Protein chains: 4
Amino acid sequence: MAQDMTRRERQAVKRRRQILEAAAQVFAEKGYHRATTRDIAEAADVAEGTIYNYFASKDDLLMGLIGELAQLDRQQAMLDEALDQDLETFIKSYLAYRLGHTGPYQRLLMGIVPELVHHPDLRDRYRRDFVQPALIMIEGHVQRRIERGQIRDIDGPIITRLLMSMLLGLQLLLIIGEPVTQDAWEHPDAVAETITGLIMDGVRRRS
Amino acid sequence: MAQDMTRRERQAVKRRRQILEAAAQVFAEKGYHRATTRDIAEAADVAEGTIYNYFASKDDLLMGLIGELAQLDRQQAMLDEALDQDLETFIKSYLAYRLGHTGPYQRLLMGIVPELVHHPDLRDRYRRDFVQPALIMIEGHVQRRIERGQIRDIDGPIITRLLMSMLLGLQLLLIIGEPVTQDAWEHPDAVAETITGLIMDGVRRRS
Amino acid sequence: MAQDMTRRERQAVKRRRQILEAAAQVFAEKGYHRATTRDIAEAADVAEGTIYNYFASKDDLLMGLIGELAQLDRQQAMLDEALDQDLETFIKSYLAYRLGHTGPYQRLLMGIVPELVHHPDLRDRYRRDFVQPALIMIEGHVQRRIERGQIRDIDGPIITRLLMSMLLGLQLLLIIGEPVTQDAWEHPDAVAETITGLIMDGVRRRS
Amino acid sequence: MAQDMTRRERQAVKRRRQILEAAAQVFAEKGYHRATTRDIAEAADVAEGTIYNYFASKDDLLMGLIGELAQLDRQQAMLDEALDQDLETFIKSYLAYRLGHTGPYQRLLMGIVPELVHHPDLRDRYRRDFVQPALIMIEGHVQRRIERGQIRDIDGPIITRLLMSMLLGLQLLLIIGEPVTQDAWEHPDAVAETITGLIMDGVRRRS
DNA sequence: TATGAATGAGGTTTCATTCAT
DNA sequence: AATGAATGAAACCTCATTCAT
């Protein structure tokens with residue numbers, strides 16, 4: 001599709017991305033409210049006014065970031081390919097994927113999540129564009145595993161939410177700098193192993 | 001200790017608390033940045049200037065709230081009392097406590113947590129005074145359960161974080177209005193049951 | 001009533017007037033759109049922020065000016081007292097009053113009238129608070145003159161509007177600096193005489 | 001003269017007029033200050049930059065419009081043709097012309113007049129090119145009527161201003177939505193009759 | 001100690017104008 | 001000559017903080 005664009009259009013797409021990336025960076029650094037449009041303009045190396053040629057408002061920048069988040073998230077393909085994997089292998093590789101991509105992904109998250117609490121529009125869009133699709137995919141995957149008899153017949157939708165909650169929560173612990181979690185992150189494989197153990201077998205002691 | 005204070009001192013302590021409670025309420029309602037000192041003064045029924053006789057700045061109010069938060073949190077007693085309960089009963093009642101309908105405490109958290117992300121001082125203090133003790137307590141609890149042979153010998157610290165993560169994540173899903181989660185919340189007991197099932201036995205199918 | 005006010009209240013009233021007078025002056029000088037809040041603040045010798053302790057917005061200043069206009073206008077008493085005057089004497093003295101007060105009054109008008117065209121709220125309030133009361137009073141006066149047989153039995157309401165139109169229009173001509181009108185204004189008595197002549201007897205030549 | 005131009009020059013003249021017409025329309029709609037160059041460019045279906053190939057600035061557009069205004073105004077021809085009409089017939093038809101339902105010309109005036117007040121250059125040019133000629137013509141007309149003995153020997157220049165004032169004032173009353181005036185406007189002939197009556201015979205009761 | 005009016009720095013946003021293409 | 005993205009000055013307004021009373 002890119003080759004159908006005029007040079008001007010390509011320039012515009014590039015400029016938009018440039019501003020969005022600057023916004024992501026500044027929001028991650030300072031948080032939404034402490035980030036000024038001047039900060040963003042400087043980070044993007046454009047004039048303040050230029051921002052408003054691409055985004056209607058500062059809020060709209062936040063909305064735009066959701067789009068970036070959604071694009072960053074390439075779970076679907078991964079989940080589909082993974083359906084035939086051994087269950088434990090799958091969980092591990094999925095966790096590795098989710099928790100490994102926290103680099104650029106988490107920076108965006110740090111800029112966005114705090115705002116969700118008091119920003120209804122953003123919240124709705126975050127849910128619709130980002131969380132909901134992921135949930136649906138995971139849920140479908142879980143369901144098929146149940147049908148194949150690979151996992152026991154439990155409440156798929158709820159388990160799906162619990163799994164996603166755990167991931168979201170871990171990211172929050174990382175964000176607030178919980179030290180044990182941070183240290184554990186040094187060995188993502190070991191973390192994945194522990195999580196897999198919890199998900200597969202729970203904590204009950206068996207004789 | 002209160003009896004050592006002069007009446008004037010007691011008055012000051014009371015006034016301080018009055019302002020802090022107003023701040024908590026307003027922060028919970030609007031979030032830190034959208035809450036104005038005027039809002040807080042009105043909620044506390046004092047003049048704006050009066051706030052500055054008790055707190056150095058708006059940020060200082062946030063700092064002050066951490067102390068209140070820690071005091072508000074009654075986990076310790078609960079966890080201690082619960083040690084002798086049957087494991088499944090305990091998990092259920094703890095979940096009921098944590099997820100119990102968003103009280104003033106939760107709302108306050110929603111007002112403050114966003115600030116934690118980008119406010120190092122506050123974050124450190126929050127972690128030190130509030131999250132870390134809770135984690136340590138849960139961790140100790142888990143450890144003692146392991147020692148008693150009630151749960152299998154797994155990585156206690158990590159499991160502790162995973163459990164807390166799950167709770168944080170669930171709260172996030174609720175905040176953003178994820179519909180399945182919200183619907184499930186209509187029957188908290190059933191949710192607690194499913195979570196307990198996951199934590200206790202995992203998802204593996206057993207013959 | 002002023003003696004019932006606390007000193008603070010008196011101060012507030014005074015400050016409000018001070019800002020409003022500055023706004024009137026700056027609007028008169030530069031017009032609404034070219035007048036900046038900074039200009040007004042400087043003219044009022046207060047900080048920009050102070051303006052917003054007394055007025056919700058720049059628009060609100062305009063609204064506030066209407067109130068001043070209405071207060072400036074003391075027609076009622078005058079008209080009532082004048083009822084018993086000889087008709088020609090009355091017209092002359094009324095004209096002298098209206099056209100003589102153009103000093104401070106016209107400066108306000110210059111700031112406000114231009115905005116009426118594209119500012120519905122202001123327009124409605126101007127009509128309601130200022131034009132309408134004046135029209136009603138004049139109309140009543142005209143009616144009573146008709147009943148007394150002092151003027152012929154013509155369409156009172158319309159004549160009232162025509163008279164007021166003439167006054168409003170003259171002020172507009174003055175505003176745009178029409179030279180003949182300005183020169184004529186040097187001799188207000190002569191103008192009043194001509195207007196009285198027109199109103200009383202029209203232009204028709206009589207044998 | 002048009003045949004002396006190259007095609008390029010004719011094109012330029014046409015483009016200039018196209019922009020000027022767009023400006024007239026947008027100024028009429030929103031008023032000068034609320035009209036943006038972007039609005040004008042869109043209405044003219046050219047790029048914003050193009051405007052500046054034909055006009056030095058936004059203010060210059062206003063200056064350009066004066067010329068158009070003068071051309072739009074067809075009073076002269078009308079007045080000349082009307083000289084031989086019966087006086088009352090003339091007044092009625094002139095009123096019908098002036099007060100005739102607010103055409104594009106009136107709307108344009110509404111967009112520009114506010115600027116006259118505080119824009120000396122524009123005001124002078126407007127007065128010189130537009131108001132003054134009209135006044136002179138009406139004045140001449142009145143003068144000739146006097147000479148013909150159709151109206152009594154009164155102060156022509158002043159009466160001229162009074163008549164125009166009345167018209168301006170009526171337009172103001174209409175602009176601000178004065179209800180009686182608006183209602184009366186439903187029957188323009190009756191209004192014209194009343195005005196004619198006032199102008200011809202005044203209000204004095206005659207035995 | 002309590003007050004709240006005054007402050008003014010700084011925020012977001014608009015828009016006339018420029019200029020490389 | 002036409003374009004329209006980029007510019008950045010400047011507008012309005014908010015609000016944490018101060019300080020005279």
Side-chain angles (χ1 to χ4, degrees), chain A residues 6-9 11-12 14-16 19 33-41 44-61, chain B residues 8 11-12 15 19 33-42 44-61, chain C residues 6-9 11-12 14-16 19 33-41 44-61, chain D residues 8 11-12 15 19 33-42 44-61:
Chain A
T6 65
R7 194 158 62 74
R8 225 172 210 168
E9 282 168 334
Q11 173 75 16
K14 186 181 154 196
R15 191 53 66 94
R16 197 188 136 92
I19 291 170
H33 286 285
R34 291 195 216 279
T36 68
T37 49
R38 168 188 281 268
D39 290 334
I40 296 167
D45 200 30
V46 297
E48 273 191 77
T50 304
I51 294 173
Y52 291 85
N53 288 338
Y54 295 89
F55 298 92
S57 64
K58 198 184 166 192
D59 270 15
D60 196 37
L61 276 170
Chain B
R8 178 161 282 181
Q11 175 70 19
R15 189 54 67 95
I19 292 169
H33 285 284
R34 295 192 220 278
T36 65
T37 50
R38 172 191 287 261
D39 290 333
I40 296 166
E42 268 171 23
D45 202 30
V46 298
E48 278 189 75
T50 305
I51 294 173
Y52 290 85
N53 289 332
Y54 295 89
F55 298 92
S57 66
K58 198 184 167 192
D59 272 10
D60 196 35
L61 278 170
Chain C
T6 65
R7 196 158 60 75
R8 225 172 212 169
E9 282 167 334
Q11 173 75 16
K14 185 180 154 198
R15 191 55 65 95
R16 198 188 134 90
I19 291 169
H33 286 286
R34 293 196 215 277
T36 68
T37 50
R38 168 187 283 269
D39 290 334
I40 296 166
D45 200 32
V46 296
E48 271 191 79
T50 303
I51 293 172
Y52 292 87
N53 289 337
Y54 295 89
F55 299 91
S57 64
K58 198 185 165 191
D59 270 15
D60 196 35
L61 277 169
Chain D
R8 178 160 282 179
Q11 174 70 20
R15 189 55 66 93
I19 292 169
H33 284 284
R34 295 192 220 278
T36 67
T37 50
R38 172 190 288 261
D39 290 333
I40 296 166
E42 269 171 23
D45 201 32
V46 298
E48 277 189 76
T50 305
I51 294 172
Y52 289 85
N53 288 332
Y54 295 89
F55 298 91
S57 65
K58 199 185 165 191
D59 272 11
D60 195 35
L61 278 169

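For clarity, every value in this text was computed on a predicted model and none was experimentally measured. Reckoned from all heavy atoms, side chains included, excluding hydrogens, waters and symmetry mates. Each chain gets a letter, A, B and so on, in the order its sequence line appears, and its residues count up from 1.
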Novice: Find the distance C:E9:CD to E:dG4:C1' and express it as a whole number of Å.
Specialist: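 Distance check: C:E9 CD to E:dG4 C1' gives 13 Å.
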Novice: Determine the contact category for C:Y54: base if any of its heavy atoms lies under 4.0 Å from a base atom, sugar-phosphate if only primed atoms, P, OP1 or OP2 are that close, otherwise nothing.
Specialist: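 Contact class for C:Y54: sugar-phosphate only.
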Novice: How many whole angstroms separate atom CD of B:Q11 from atom P of E:dT1?
Specialist: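 After rounding, the gap between these two atoms is 11 Å.
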Novice: Looking only at non-hydrogen atoms, find the nearest pair between B:A41 and B:A47 and report the distance.
Specialist: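 Distance-wise, the nearest heavy atoms are CB-C, 3.9 Å.
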Novice: For DNA chain F, whose closest nucleotide is more 5', that of A:N53 or that of C:N53?
Specialist: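 With A:N53 and C:N53 compared, the 5'-side residue is A:N53.
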Novice: Do you see a donor-acceptor pair shorter than 3.5 Å between the side chains of A:T36 and A:D39?
Specialist: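 Judged by distance alone, the side chains do pair up.
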Novice: Using the closest heavy atom to pick a nucleotide of DNA chain E for each, name whichever of C:A47 or B:I51 lands nearer the 5' end.
Specialist: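 The 5'-side residue here is B:I51.
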Novice: May I have the distance from A:L61 (atom CG) to E:dT13 (atom C1'), rounded to whole angstrom?
Specialist: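 Taking atom C1' of E:dT13 as the reference, CG of A:L61 is at 12 Å.
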Novice: Can you measure from CZ (A:R38) to CD1 (A:I51) and round to the nearest 0.5 angstrom?
Specialist: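 Between A:R38 CZ and A:I51 CD1, I get 11.0 Å after rounding to 0.5 Å.
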Novice: Let me know the distance between CZ of A:F55 and C1' of E:dT12, rounded to the nearest Å.
Specialist: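 Answer to the nearest Å: 16 Å.
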Novice: Rounded to the nearest 0.5 Å, what separates atom CG in B:L61 from atom CD1 in B:I19?
Specialist: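 Going from the CG atom of B:L61 to the CD1 atom of B:I19 covers 7.5 Å.
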Novice: Can you find a side chain N or O atom of C:T50 that sits less than 4.0 Å from OP1 or OP2 on E:dA5?
Specialist: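 Checking E:dA5 against C:T50, no side-chain N or O comes under 4.0 Å of OP1 or OP2.
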Novice: Just the rounded figure in Å: distance from C1' of F:dA6 to CD1 of A:I19.
Specialist: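 One finds 10 Å between C1' of F:dA6 and CD1 of A:I19, rounded.
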Novice: Taking only residues two or more places apart in sequence, or in another chain, which ones meet D:D60 in a side chain to side chain contact (heavy atoms under 4.5 Å, CB included)?
Specialist: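 Side chain to side chain contact (heavy atoms under 4.5 Å, CB included) list for D:D60, sorted by chain: D:F55, D:A56, D:S57, D:M63.
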Novice: Can you tabulate the close N/O pairs, meaning under 3.5 Å, that link protein atoms to atoms of nucleotides 16-20 of chain E?
Specialist:
from   : atom 1 : to    : atom 2 : distance (Å)
E:dA16 : OP1    : D:K58 : NZ     : 3.2
E:dA16 : OP2    : D:T37 : N      : 2.6
E:dA16 : OP2    : D:T37 : OG1    : 2.8
E:dT17 : OP2    : D:Y52 : OH     : 2.8
E:dT17 : OP2    : D:K58 : N      : 2.9

Novice: Taking all atoms of both residues into account, what is the closest heavy-atom pair of D:A35 and D:K58, and its distance?
Specialist: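 Distance-wise, the nearest heavy atoms are O-NZ, 2.8 Å.
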Novice: Can you check the C:R34 CZ to F:dA11 P distance for me, whole Å?
Specialist: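 The answer, rounded to whole Å, is 12 Å.
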Novice: As a check on the pairing definition, encode DNA chain F in dot-bracket form, counting Watson-Crick and G-U wobble pairs whose two distances are under 3.5 Å, and using | for partners outside this strand.
Specialist: .||||||||||||||||||||
Novice: In whole angstrom, what separates C:R16's CZ from E:dA5's P?
Specialist: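 After rounding, the reported distance stands at 14 Å.
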Novice: Could you give the distance from CZ (D:R15) to CZ (D:R8), rounded to the nearest 0.5 Å?
Specialist: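 Here the rounded value is 12.5 Å.
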